[in-house]
2 protein chains.
Amino acid sequence: MTTWLSPDQLRDWRSFITLAEMLEAGLARDLAPSGLSYPDYVVLVVLSEAPEHRLRMQDLGTALSWSKSRLSHQIRRMSGRGLARREECSGDARGVYAVLTPEGLAAIKAAAPAHVESVRRMVVDVLTPAELATLGTLARKLQSRM
Amino acid sequence: MTTWLSPDQLRDWRSFITLAEMLEAGLARDLAPSGLSYPDYVVLVVLSEAPEHRLRMQDLGTALSWSKSRLSHQIRRMSGRGLARREECSGDARGVYAVLTPEGLAAIKAAAPAHVESVRRMVVDVLTPAELATLGTLARKLQSRM
DNA sequence: GTGGCATAGTTGATGCGTCAACCAAGGGAG
DNA sequence: CTCCCTTGGTTGACGCATCAACTATGCCAC
């Protein structure tokens, strides 16, 4: 038999899940003027930090904890907009590199300041340093149980 | 000029946003065996609590903080699967009721226990009561600034 | 009553994410 | 060398969410 949540538990859980939804929406909204989606953004960040601005699909997927399929679709869409391109992988004929284009690099450099502002405005600058640290600690505790 | 985040701030922010993504994925995964998506679930919850198991699209959208469009698409899909149906609104010819079907009611009753278990396993039972309360308080503080 | 604006809802296009099916190359064990 | 399993990646279909465009009704000012 399952025990339902107490009113307090329900309230706190709902507060949290609602916040998560609002935050995702807010991130997307603030990124929109730059012409990038949040998935675009995170892919560009990882590629821009990689040596030679390129990563094997495999490694990029691992870095982002994304499925092969998800990444493949995303890189296809980004290729269509000139943000990245695929390149074959010498040494392993199965492999494919995802490579950041100059346009992609320009896009992430242009988008980053507004994104950081967005994160500050919605979270980091709203909490005290201690509160943010607590939030981070709780988040890591929950993550470690999954 | 924009100030980038400190390593600690970045770490805590990333912990939090990553947790949010994992949680959404986990909720969807645990609901999947019941044949419901998370959007299905929340719509069914609200309708099942409404008088006569029905709400104006307008009111349902407000309750969920969903756009008219989002809700219209969702109800269309749910109607196709027999979980809900539309009904015209006497008194305002523009209006439409979303009505829970017996199948929809059965579906939510069947899905709820596993969903609650899922929330407990991923969050509520992982934290101490004090920690959960803190998480809720921080979430509400952040929400109030948006 | 009519003109015009607000309200209620739908639709189509497009991006995003998952799942299942698929293909091709690598790398043993025999 | 061949068989077979694993690894790396793509594709197509479908559900989900947003945006912009659209229809239709309600309602107020005049």
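Letters go in sequence order (proteins before strands), and every chain restarts at 1.
Relative to the side chain of P39(A), the nucleotides dT10(C), dC16(C), dT10(D) differ in distance, and dC16(C) lies closest. Residue Q58(A) places its side chain closer to dG8(D) than to any other of dA8(C), dG8(D), dT10(C). Comparing dA25(C), dT10(C), dG17(C) against the side chain of A93(A) picks out dA25(C) as the nearest. Minimum atom distance to the side chain of S69(A) is reached by dT18(C), of the listed dG9(D), dT18(C), dG9(C). Closest contact between the side chain of H73(B) and the listed nucleotides dG15(C), dC19(D), dG9(C) involves dC19(D). Distances from the side chain of R94(B) to the nucleotides dA25(C), dT25(D), dG9(D) place dT25(D) closest.
Note on R86(A): a side-chain N or O is less than 4.0 Å away from OP1 or OP2 of dT10(D). Contact annotation: R77(B) side-chain N/O to dC16(D) OP1/OP2 distance is under 4.0 Å. Dashed line: the shortest gap from a side-chain N or O of S37(A) to OP1 or OP2 of dC16(C) is under 4.0 Å.
In this entry the distance linking CG of D40(B) with P of dG15(D) reads 10 Å, nearest Å. E88(B) places its CD atom 12 Å from the P atom of dG26(D), with the value rounded to the nearest Å. If you take CH2 of W66(A) and C1' of dG8(D), they are 18 Å apart, rounded to a whole angstrom.
Q143(B) approaches L19(A) most closely through the heavy-atom pair NE2-N, 3.7 Å.
Judged by distance alone, with hydrogens and angles left aside, the side-chain atoms of T101(A) form a donor-acceptor pair with the main-chain N or O of G82(A) at under 3.5 Å. A donor-acceptor pair under 3.5 Å links the side-chain atoms of T137(A) to the main chain of A133(A), judged by distance alone.
R56(A) comes within 4.0 angstrom of sugar-phosphate atoms only, judged by non-hydrogen atoms across all strands, and of no base. Heavy atoms of R81(A) sit nowhere under 4.0 angstrom from any nucleic acid atom.
Below 30°, between 30° and 60°, or above 60°: for F16(A) and F16(B) the angle between ring planes is above 60°, a perpendicular geometry.
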Between L135(A) and L135(B), is a side chain to side chain contact (heavy atoms under 4.5 Å, CB included) present by the stated rule, with each step listed? CA-CA 7 Å; L135(A) 190 61; L135(B) 190 62; 3.9 Å; yes
